[in-house]
Amino acid sequence: MSVRRVVPDVRCEDFEQSRDFYGLLGFEEVMEQGWVMTMASTINPTAQITFVTEDRTAPVEADMSVEVDDVDAVYASVLASGATIVHPLTDEEWGVRRFFVRDPNGRVVNVLGHR
């Protein structure tokens, strides 16, 4: 199993303000679903920030997202460890398979893979 990228998930009320501010730092919008927006570096597309007004398909908002190459294997490993699953493994309509787990510090981690 390997990690492809790690993205902070930032609670946000106004996409326009975040888009304008982070645009000044070299980010551009690469995805927006109405409740979630991701911005990426214009020269390093794996350097990203995700902004969330609410998570419409999970019970809580994640603090960070970790994209892995085999989400099913990671899910099995996390389950076997006894860690707290906050949102079960789910196929989402926007092309990801994901689950949420609580880390030892209480943070919620969105673990995902693209389908």
Exercise. Got a donor-acceptor contact below 3.5 angstrom from the D91 side chain to the R97 backbone?
Worked result: no
For this session: Measure the shortest side-chain to side-chain distance between D69 and R4 over non-hydrogen atoms and say whether it is less than 4.5 angstrom.
Result: yes
Problem set entry | Shared hydrophobic cluster, W94 / V7 (ILVMFWY, side-chain heavy atoms < 4.5 Å) | no
Exercise. Would a 4.5 Å heavy-atom cut-off, applied to side chains only, mark V10 and Y22 as touching?
Worked result: no
For this session: Could you tell me whether the side chain of D9 reaches within less than 4.5 Å of the side chain of E61, counting heavy atoms only?
Result: no
Exercise. Under a single-linkage definition using a 4.5 Å side-chain heavy-atom cutoff for Ile, Leu, Val, Met, Phe, Trp and Tyr, are V71 and V78 assigned to the same hydrophobic cluster?
Worked result: yes
Exercise. Given the rule in the side-chain contact (heavy atoms from CB on, under 4.5 Å) test, do F27 and T42 qualify, once you have shown the distances and angles that lead to the verdict?
Worked result: CA-CA 6 Å; F27 288 87; T42 57; over 6 Å; no
Exercise. When you look at M64 and R107, which way does the side-chain contact (heavy atoms from CB on, under 4.5 Å) test go after all the steps?
Worked result: CA-CA 8 Å; M64 67 185 299; R107 300 288 178 203; over 6 Å; no
Exercise. After noting the C-alpha distance and the side-chain angles of S65 and R98, does the key distance pass the side chain to side chain donor-acceptor pair (under 3.5 Å) rule?
Worked result: CA-CA 10 Å; S65 295; R98 70 180 183 155; over 6 Å; no
Exercise. Going from CG on N110 to OG1 on T50, what distance comes out if it is rounded to the nearest 0.5 angstrom?
Worked result: 8.5 Å
Exercise. Hey, does M31 have a side-chain heavy atom less than 4.5 Å from the side chain of V36?
Worked result: yes
Exercise. With the 4.5 Å side-chain cut-off for hydrophobic clustering, are I49 and V66 part of the same group?
Worked result: no
Problem set entry | Hphob cluster co-occupancy, I43 + M39, side-chain heavy atoms under 4.5 angstrom | no
Exercise. For the hydrophobic clusters of this structure (ILVMFWY residues joined by side-chain heavy atoms under 4.5 Å, transitively), does one cluster hold both V111 and L79?
Worked result: yes
Exercise. Can you tell which of F100, Y75, F99 makes a side chain to side chain contact (heavy atoms under 4.5 Å, CB included) with P88?
Worked result: Y75
Exercise. Is I85 close to V101 at the side-chain level, that is, under 4.5 Å between some pair of heavy atoms?
Worked result: yes
For this session: May I have the step-by-step check of side-chain contact (heavy atoms from CB on, under 4.5 Å) for L112 and R5, ending in yes or no?
Result: CA-CA 10 Å; L112 68 116; R5 66 187 167 121; 4.2 Å; yes
Exercise. Has the side chain of S77 got a donor or acceptor atom that lies under 3.5 Å from a matching backbone atom of V74?
Worked result: no
Exercise. Can you check whether E92's main-chain N or O pairs, donor with acceptor, with T90's side chain at less than 3.5 Å?
Worked result: no
For this session: Side-chain contact test, heavy atoms from C-beta onward, threshold under 4.5 Å: evaluate it for T38 versus Q33 and give yes or no.
Result: no
